[in-house]
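Keep in mind that what you see is a predicted model, and the values were worked out from it rather than measured.
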Amino acid sequence: MQQTRIQTFIHLFRTQQVKSQLYRDFIQLTIGSVMCILIFCILETIFYFTIPVRSGLVELFLLLFMSFLLYFLLRAYLNIKSIFNNCSNHSLARSFKHRAPFIGDRLLNALQLEEALEEMEIGKDLAEYAVQKINMELNTVPVSSLFSGGAFLFFFSKKIF
């Protein structure tokens, strides 16, 4: 099935949300890892661990680090593909109204109209007009409003992706 303009826009919003969540997760993982390594170093200077204890701590750290990394990547994959319907088009359209109040609920209404357009018999031309009007308004939405996070994260989103 070919995606319409509204569905394409919502998919773009989904990918930007997943990217921003992934950036936040990576930053938190980095900060947590640095703090954990510093705590291990402080404990090592105080207690002077034996080699088996050190290797156990390193293995524990690597296990936790890789587990969190795998979890973040798996969550991003499931969200971007909308598997298990955890990032459905309807929920994203509902959450987008907080970012662009000038579109508001009309995006969700247009999405619902667009999905029911083929089955409509009465009022089809009015529904098509409403969908076209939302499509024109979506062209005016700046891409920067789709990305969650501060200017720091938005700067990196343009450089990396």
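Pairs of residues two or more places apart, or lying in two chains, never qualify as salt bridge (Lys or Arg N to Asp or Glu O under 4.0 Å) while including a residue from residues 57-72.
Every side chain to side chain contact (heavy atoms under 4.5 Å, CB included) that Val53 has, sequence neighbours left out, goes to Phe49, Thr50, Leu57. Not counting sequence neighbours, Glu128 has no partner by the side chain to side chain donor-acceptor pair (under 3.5 Å) test. Taking the side chain to side chain donor-acceptor pair (under 3.5 Å) definition, one finds that Asp125 meets it with nothing, sequence neighbours left out. Qualifying side chain to side chain donor-acceptor pair (under 3.5 Å) partners for Asn109, counting only residues two or more places apart in sequence or in other chains: none. Judged as a side chain to side chain contact (heavy atoms under 4.5 Å, CB included), and not counting sequence neighbours, the contacts of Ala100 are Phe96, Phe102. For Lys133, the salt bridge (charged side-chain N to carboxylate O under 4.0 Å, His left out) test picks out no residue, with sequence neighbours left out. Judged as a salt bridge (charged side-chain N to carboxylate O under 4.0 Å, His left out), and not counting sequence neighbours, Arg94 has no contacts. Every residue was checked against the side chain to side chain donor-acceptor pair (under 3.5 Å) condition with Gln132, not counting sequence neighbours, and none meets it. With sequence neighbours excluded, the residues satisfying side chain to side chain contact (heavy atoms under 4.5 Å, CB included) with Ser95 are Phe13, Leu92. Partners of Ile37 according to the side chain to side chain contact (heavy atoms under 4.5 Å, CB included) rule, which considers only residues two or more places apart in sequence or in another chain, are Cys41, Phe61.
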Under 3.5 Å, which donor-acceptor pairs do the side chains of residues 76-85 form with other protein atoms, sequence neighbours left out?
residue: Asn79; atom: OD1; partner: Asn86; partner atom: ND2; Å: 2.7
residue: Asn79; atom: ND2; partner: Arg75; partner atom: O; Å: 3.3
residue: Ser82; atom: OG; partner: Cys87; partner atom: O; Å: 3.2

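Rounding to the nearest 0.5 Å places CG of Leu29 at 6.5 Å from CG of Leu69. For the atom pair CG of Leu108 and CD1 of Ile6, the computed distance is 10.0 Å after rounding to the nearest 0.5 Å. The structure places CE of Met35 at 8.5 Å from CG of Leu38, a figure rounded to the nearest 0.5 Å.
The number of heavy-atom neighbours closer than 6.0 Å to CG of Leu63, taken from other residues, nucleotides and ligands shown, is above 12. When the shell of 6.0 Å around OH of Tyr129 is examined, it contains 12 or fewer heavy atoms from other residues, nucleotides or ligands. Environment of CZ in Phe40: crowded, with over 12 heavy atoms of neighbouring residues, nucleotides or ligands closer than 6.0 Å.
Leu43 is not connected to Leu60 by any chain of hydrophobic side-chain contacts under 4.5 Å among Ile, Leu, Val, Met, Phe, Trp and Tyr, and they are in different clusters.
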Report task. Show your working on side chain to side chain donor-acceptor pair (under 3.5 Å) between Gln21 and Arg24 and close with a plain yes or no. Result -> CA-CA 5 Å; Gln21 181 64 41; Arg24 281 192 299 268; 2.8 Å; yes
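Of all non-hydrogen atoms in Met120 and Ala127, the two that sit nearest each other are SD-CB, 3.7 Å.
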